[in-house]
Protein chains: 2
Amino acid sequence: MDYKAYAMIMKALGDETRVKIFDMLSEGERCACKLLDEFSVTQPTLSYHMKILCDCGLVSARRDGIWMRYTVRQETLAEMIGFLNRIAEGIPEGIEVCDCKEAG
Amino acid sequence: MDYKAYAMIMKALGDETRVKIFDMLSEGERCACKLLDEFSVTQPTLSYHMKILCDCGLVSARRDGIWMRYTVRQETLAEMIGFLNRIAEGIPEGIEVCDCKEAG
DNA sequence: TCATCATATCGATAATTGTCTATATGATGA
DNA sequence: TCATCATATAGACAATTATCGATATGATGA
């Protein structure tokens, strides 16, 4: 997974509606109609948001008859958390001042 | 921290340049000039990106003479990781099918 | 005080995004 | 097969974003 992929995931969650949807999905599989009840957006707008969440790999969709059902993709979420954890762990104890003064 | 704040953080990281900058900062404090060397953007553009990273709370900036030095704000990053962990942990074992069929 | 250097802000602009209405697609059941 | 229902796509549009060049700000040192 490269920076482009991480940025795509973050961008997908960088919208209040989508981050709420994603949080709702943490409770388990949800259908589009349930999600539509919760948010004051039209059906096409919800569909647009779900596509973004699916395209980045955070959510998977399955068709069940005429309904669409969505779940969190744990692998992708785990990779994202891993990336952030590595950044958090990478921070050294002391302050490391860069060598501007010498260079300039 | 509310959904709006989380979305703001995610949006800040939802750009390839910024996610790279943030990853670079995991190595320790960095000055603007060092960051500018690494990325093919102009100085005003870097300044713009750093403002976004600072405004959402992910990065803190300090002035050191004529230089600006940036560090990861561990508290904010930890809160973000915590939020994602709660979502990951919230996913139940079995598939929970919602009651579309009965409701419709 | 003033020139210089690093950074921030301004104003402009092309690209992207989030939203809508209207319409298409695709599954279901009579 | 056809009407119906849930969802997806198309097209339009206002708002936001990422970027730049030009300029302002603010610290430093002669």
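Keep in mind that what you see is a predicted model, and the values were worked out from it rather than measured.
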Atom pair distance, as rounded to whole Å: CD1 in A:I66 and P in D:dT4: 14 Å
In whole angstrom, what separates A:R62's CZ from C:dG26's P? 20 Å
Contacts of A:Y6 that satisfy ring-ring contact (aromatic ring centres under 6.0 Å, His included) - sequence neighbours left out: A:F83
All N/O pairs under 3.5 Å across the protein-nucleotides 11-14 of chain D interface:
none

Would you kindly give the CG-to-P distance between A:L35 and D:dA8, to the nearest whole Å? 11 Å
Look at B:R62 together with B:E29 and state whether they make a salt bridge at an N to O cut-off of under 4.0 Å. yes
Going 5' to 3' through nucleotides 13-23 of chain C and flagging B where a protein heavy-atom sits under 4.0 Å of the base, S where only the sugar-phosphate is that close, and - otherwise, we get ----SBBBBB-
Please answer whether the main-chain N or O of B:W67 pairs with a side-chain N or O of B:D64 as donor and acceptor at a distance below 3.5 Å. no
Walk me through it: do A:R69 and A:R30 pass the test side-chain contact (heavy atoms from CB on, under 4.5 Å)? CA-CA 5 Å; A:R69 301 193 191 278; A:R30 286 289 177 275; over 6 Å; no
Whole Å only: how far is the NZ atom of B:K51 from the C1' atom of D:dA18? 15 Å
note: A:K34, atom NZ; D:dA6, atom C1'; distance rounded to Å ~ 16 Å
Hydrophobic cluster mates of B:Y48, side-chain heavy atoms under 4.5 angstrom, ILVMFWY only, any path? B:I52
What integer distance in Å separates A:L46:CG from D:dA8:C1'? 11 Å
Please work out if B:Y70 contacts a base, only the sugar-phosphate, or nothing of the nucleic acid, heavy-atom cut-off 4.0 Å. sugar-phosphate
B:M68 CE to D:dT25 P, in whole Å, measures 17 Å
Distance-only donor-acceptor hits, side chain of residues 8-17 of chain B, under 3.5 Å, sequence neighbours excluded:
from  : atom 1 : to    : atom 2 : distance (Å)
B:D15 : OD1    : B:T17 : N      : 3.0
B:D15 : OD1    : B:R18 : N      : 3.2

List the steps and the verdict of side-chain contact (heavy atoms from CB on, under 4.5 Å) for A:Y70 and A:M68. CA-CA 7 Å; A:Y70 300 98; A:M68 290 300 294; 3.6 Å; yes
Candidate pair A:L35 and A:M50, rule side-chain contact (heavy atoms from CB on, under 4.5 Å), full reasoning: CA-CA 10 Å; A:L35 295 171; A:M50 296 318 294; 3.9 Å; yes
With a 3.5 Å distance limit and no angle check, can you tell me whether B:R63 reaches the backbone of B:G65 through a side-chain donor-acceptor pair? yes
Please determine whether side-chain contact (heavy atoms from CB on, under 4.5 Å) holds for the pair A:T45 and A:T42, giving the CA-CA distance in whole Å, both sets of side-chain angles, and the decisive distance to 0.1 Å. CA-CA 5 Å; A:T45 298; A:T42 62; 3.1 Å; yes
Angle by which the axis turns from one end of the helix from C:dT1-D:dA30 to C:dA30-D:dT1 to the other, five pairs per end, to 10 degrees: 20°
What is the distance, rounded to the nearest whole Å, between atom CE of B:M50 and atom P of C:dA8? 9 Å
Spatial distance of atom CG (B:L58) from atom CG (B:L25) [nearest 0.5 Å]: 10.0 Å
